[in-house]
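First comes the structure, then the notes that go with it.
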2 protein chains.
Amino acid sequence: MNKEPFLDYIGNYITLSKEEEALLFSKIIERNYLKDQYIVQQGDVCKSVNFILSGCTKTFYIDAAGQEHIVGFSIADWWTSDLGSFITQSPADFHVQCIESTKILQFRYEELEVLYQEIPKLERLFRKITERAFVASQKRIIRNFSLTAKERYRIFKDTYPKIEQRVPQYMIASYLGITKEFLSKIKRQLSLEK
Amino acid sequence: MNKEPFLDYIGNYITLSKEEEALLFSKIIERNYLKDQYIVQQGDVCKSVNFILSGCTKTFYIDAAGQEHIVGFSIADWWTSDLGSFITQSPADFHVQCIESTKILQFRYEELEVLYQEIPKLERLFRKITERAFVASQKRIIRNFSLTAKERYRIFKDTYPKIEQRVPQYMIASYLGITKEFLSKIKRQLSLEK
DNA sequence: AAAGAAGATTAAACTAGATTAACTTTTATT
DNA sequence: AATAAAAGTTAATCTAGTTTAATCTTCTTT
């Protein structure tokens with residue numbers, strides 16, 4: 001198991017002893033998924049939170065009208081899960097699907113509960129991670145309210161340049177909450193403005 | 001200080017010893033605000049997270065065009081803050097203003113950091129609270145994407161009936177991301193449908 | 001009770017973005 | 001290389017929600 005990326009990542013938040021590290025890694029699983037495979041399926045109970053080592057996932061749901069809505073993308077050093085389903089152990093609202101072949105470190109529900117008891121610092125780690133995720137989510141709400149689609153697209157490009165290059169445009173449109181046709185129109189407008 | 005509501009609340013997540021409770025209450029402040037007073041001001045660094053004992057607050061921001069956008073309301077047993085500002089100790093994106101006279105328990109930044117060291121269980125408490133807040137925020141994003149304003153209004157009424165009664169309509173419109181005029185139109189439509 | 005301020009309604013004109021449908025380009029498969 | 005499938009573009013038409021502006025109603029304050 002390649003532990004470095006995850007150790008580097010958590011080093012931003014907490015410091016673990018060698019024993020704690022060993023215990024931690026004894027409870028997490030490295031898994032590989034192919035392009036198009038699902039890590040979480042809408043309707044199933046989500047049993048894991050997943051740290052991405054490589055690859056790319058999309059989190060989305062299918063609404064009553066059968067329409068797909070992309071909630072977010074995740075790449076290396078990010079997390080992916082349906083947290084609402086995970087914490088309440090109730091059916092997931094979202095699918096999480098790999099849009100490239102993807103390698104993850106998987107924390108399963110039961111093991112994580114045990115780990116919290118054995119390494120209380122992990123509470124701090126996940127508190128801080130979740131705080132940041134919540135703040136990002138709030139900022140997205142206000143962006144959706146006060147900005148036009150064109151401005152949102154510009155910010156998306158600036159904020160996640162790596163994702164923009166890897167993900168098909170129609171998925172970006174879905175993430176931005178607009179149709180692929182309208183994103184096409186925006187791109188032409190932007191190209192004419194320059 | 002009336003400790004009961006807060007003790008009842010945290011009892012849902014963690015169990016504290018009497019000594020821990022005493023320590024906790026030695027570090028938090030009870031404060032009273034009048035209608036229209038600000039707990040947090042956009043641009044200032046947010047120094048506290050606040051548990052509401054009574055009253056009602058709105059969290060909002062003023063955009064580049066001078067428009068007010070309401071991010072959320074909080075009533076008794078909820079929290080209010082600008083968490084992004086609080087955790088990074090950088091200028092707040094949001095105002096938090098009382099829309100009724102409001103009584104809060106205030107956790108100041110420095111004290112909370114100390115409390116986390118002294119009562120590690122509080123990490124767990126705030127992890128769980130933040131997880132729930134994050135999930136609610138995600139659900140709001142997907143609602144904003146896939147539902148019409150009329151549907152969103154219906155859900156708001158069903159989910160927060162107490163808030164709907166206490167808050168002027170133009171603020172609810174702002175929270176829903178629509179104009180007060182359009183909310184008026186929706187209400188007439190709903191009244192004709194019945 | 002009067003007067004002003006704050007909040008809510010109505011209606012007409014307008015626009016950002018959706019829908020539909022045809023077409024083009026790129027990528028994957030044999 | 002040929003074909004099909006997936007992704008992206010364009011343009012016409014349509015609609016949910018905005019804007020503007022006038023009017024009405026309900027609170028506050030004196």
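In what follows, chains carry the letters A, B, and so on, assigned in the order in which the sequence lines appear, proteins first and then strands, with residues in each chain numbered from 1. Source: prediction; values computed, not measured.
- The distance from the CG atom of A:Leu147 to the CD1 atom of A:Ile155 is 5.0 Å, given to the nearest 0.5 Å.
- When distances run from any side-chain atom of A:Glu181 to the nucleotides C:dT19, D:dT19, C:dA18, the shortest one goes to C:dT19.
- B:Tyr170 comes within 4.0 angstrom of sugar-phosphate atoms only, judged by non-hydrogen atoms across all strands, and of no base.
- Taking atom CD of A:Gln189 as the reference point, atom P of D:dA11 lies 12 Å away to the nearest angstrom.
- A donor-acceptor distance shorter than 3.5 angstrom exists from the side chain of B:Ser85 to the backbone of B:Cys46, with no hydrogens or angles considered.
- Clustering ILVMFWY residues whenever any of their side-chain heavy atoms sit less than 4.5 angstrom apart, transitively, puts A:Val49 in the very cluster that holds A:Leu23.
- A donor-acceptor pair under 3.5 Å is absent between the side-chain atoms of B:Ser184 and the main chain of B:Glu181, judged by distance alone.
- A straight line from CD1 of B:Ile172 to P of C:dA8 spans 8 Å, rounded to a whole angstrom.
- Between B:Phe73 and B:Tyr160, a ring centre-to-centre spacing not shorter than 6.0 Å is recorded.
- Residue B:Phe182 contributes atom CZ, which lies 21 Å from atom P of D:dA21 at whole-angstrom precision.
- What separates CD of A:Glu100 from P of C:dT27 is a distance of 15 Å, to the nearest Å.
- If you measure from atom CD of A:Gln67 to atom C1' of C:dA18, you get 10 Å, rounded to the nearest angstrom.
- Put simply, NZ on B:Lys150 is 13 Å from C1' on D:dG17, counting in whole angstrom units.
- Comparing B:Thr148 and B:Lys35 along DNA chain D, the residue whose closest nucleotide (by nearest heavy atom) sits nearer the 5' end is B:Thr148.
- Atom-to-atom, NZ of B:Lys187 to P of D:dT25 comes out at 16 Å; the value is rounded to the nearest Å.
- An OP1 or OP2 oxygen of D:dA11 is reached within less than 4.0 angstrom by a side-chain nitrogen or oxygen of A:Arg188.
- Heavy-atom nearest nucleotides on DNA chain C were determined for A:Lys180 and for A:Arg152, and the one closer to the 5' end corresponds to A:Arg152.
- Between B:Asp36 atom CG and D:dT28 atom C1' there is a gap of 13 Å when expressed in whole angstrom units.
- Taking only side-chain atoms of B:Ala149, from C-beta outward, the nucleotide of C:dG17, D:dG8, D:dG17 with the closest atom is D:dG17.
- Dashed line: the shortest gap from a side-chain N or O of A:Thr179 to OP1 or OP2 of C:dA18 is under 4.0 Å.
- Close to C:dA6, at under 4.0 Å from its OP1 or OP2, lies no side-chain N or O of B:Gln169.
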